[in-house]
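Remember, predicted model here, so these are calculated numbers, not experimental data. Both counts, for ligands and for their atoms, begin at 1 and track the order of listing.
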Amino acid sequence: MTEARIPLLIDTDPGVDDALALLMAFNDMHHAVVGLTIAAGNVGLEHTVANALKLCEVCGVDVPVYAGAEAPLVFPARDAAYVHGRDGFGDTGYAKASRRADAEHAALAILRLSHEHAGKLVLVALGPLTNLALALKLDPTLPSRLARCVVMGASVTAHGNITPAAEFNIAFDPEAAHIVFSAFPRIELADWEAVLAHGFLHDDAERWLAADSPRARFYAGISAHTRAWAKAGRGARWHAADALAMALALQPEGALELLERPLAVETAGQFARGATIVDWNRQTGAADNVVILMRYDQQRFERMIEAALAATVA
Ligand code: RIB
Ligand code: CA
């Protein structure tokens, strides 16, 4: 008897690295993507929703897409269009998908799907945590129904990417991140510093993008701006943050080193708002709430990316 596929719900702000993570999820035979809930973050919500719908159309997958919050919970935040392009997908001018987003709000979809797949649902958060925080405020029992919660975000020794101390997803909505990391007893965390340790060569990426598949061709187009920006600023290796988090979600057996610790989110501070403070020496007495990915099997990671780009069927 074939094993039932694990239901996967992805909250995302596509975003070029989000798109690679989604391609990996669409190509995984052990998981079934039951929904995409969309956040504002890399670019505005109108673009992130349109990008999610377009990627589903390119991949021929009929996954429901739910629009979420247009802005962070409390304070406005700057986007990452300088990395991903003004439209979040490399400004290629792609023809909009014919399908529209479902009418249900992302926060409500998260709660409904947590009941429909109670005990089995794996939630992967690849963007600012606004939608997840709203869902938690509506129903604080949400964590009890999730099998796993995997987050791309944070910088566990404060080597930030959007400020010196903070990583983008957390810094975009620190109040939301505080709500989420306070509510979940165990979050599997792929932070920015782990991402930097698991870059892959641009030369390899360009070889994978030459695969004869609509997905590779589309992704080559939407990632051109980001790859050029990364090459100019970060050298020979490209870092796709959300792809690493998705590898951890899809194949947790690829994790070679994990550390459990308490983590808290700084929501105040002139220099450190959005910083994620890990109690490495357990000085606070707080309970461990994160499982930090320290090392992942790089070959396994790169094989997943190559296969996702070359895939031709949903
Ligand atoms: O810091 C990297 C994260 O911020 C990734 O999720 C990227 O897509 C952006 O959202
Ligand atoms: Ca993202």
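For ligand 1, none of its N or O atoms has an N or O atom of W192 under 3.5 Å away.
Protein heavy atom at the shortest distance from atom 1 (O) of ligand 1 is E167 OE2, 2.5 Å. Closest protein heavy atom to atom 10 (O) of ligand 1: N169 OD1, 2.8 Å. Nearest non-hydrogen protein atom to atom 8 (O) of ligand 1 is D17 OD1, 2.6 Å. Closest to atom 9 (C) of ligand 1, if we only count protein heavy atoms, is N42 OD1, 3.1 Å.
Look at G127 and the Ca ion (ligand 2): no N/O/S atom of the residue is under 3.0 Å from the metal.
Residues R282 and D288 are paired through a salt bridge, judged by an N-O separation under 4.0 Å between the basic side chain and the carboxylate. A salt bridge is defined here as a Lys NZ or Arg NE, NH1 or NH2 lying under 4.0 Å from an Asp or Glu carboxylate O, and E188 with R148 meets this definition. The pair E104-R112 meets the salt-bridge criterion, since a charged nitrogen lies less than 4.0 angstrom from a carboxylate oxygen.
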request  = Could you go through the salt bridge (Lys or Arg N to Asp or Glu O under 4.0 Å) check for E57 and K96 one step at a time?
outcome  = CA-CA 9 Å; E57 181 178 87; K96 290 279 183 275; over 6 Å; no

task = Run the numbers on D173 and T130 for side-chain hydrogen bond (donor to acceptor under 3.5 Å, both in side chains), then give the verdict.
result = CA-CA 7 Å; D173 196 342; T130 315; 2.7 Å; yes

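Side-chain contact between I222 and K54 is absent, with no heavy atoms from C-beta onward closer than 4.5 Å. With a 4.5 Å cut-off on side-chain heavy atoms, I179 and K137 count as touching.
Ligand 1 places these atoms under 4.0 Å from at least one heavy atom of D18: 8 (O). Within ligand 1, the atoms closer than 4.0 Å to a non-hydrogen atom of F168 are 1 (O), 4 (O), 9 (C), 10 (O), numbered from 1 in the order shown. Residue-ligand proximity, D242 to ligand 1, at heavy-atom distances under 4.0 Å covers atoms 5 (C), 6 (O), 7 (C), 8 (O). Taking a cut-off of under 4.0 Å to the non-hydrogen atoms of M152, the atoms of ligand 1 that pass are 2 (C), 3 (C), 5 (C), 6 (O).
With the Ca ion (ligand 2) as the vertex, atom OD2 of D18 and atom OD2 of D242 span an angle of 70° (nearest 10 degrees).
Taking the six-membered ring where tryptophan is involved, the planes of F200 and F301 are perpendicular, since the angle between them exceeds 60° and thus also 30°.
Checked by atom type, the side-chain pair R145/T141 shows a donor-acceptor distance below 3.5 Å.
When heavy-atom distances to ligand 1 are checked against a 4.0 Å cut-off, N161 comes that close only through its side chain, counted from C-beta outward. At a heavy-atom cutoff of 4.0 Å, ligand 1 is contacted by the backbone of L126 but not by its side chain. Residue-level proximity to ligand 1 for D13 is carried by the side chain, the only part with a heavy atom below 4.0 angstrom.
Each of I38, T48, N51, N42 was compared with T12 under the side-chain contact (heavy atoms from CB on, under 4.5 Å) criterion, and only I38 meets it.
For D13, the N, O or S atom closest to the Ca ion (ligand 2) goes by the atom name OD1.
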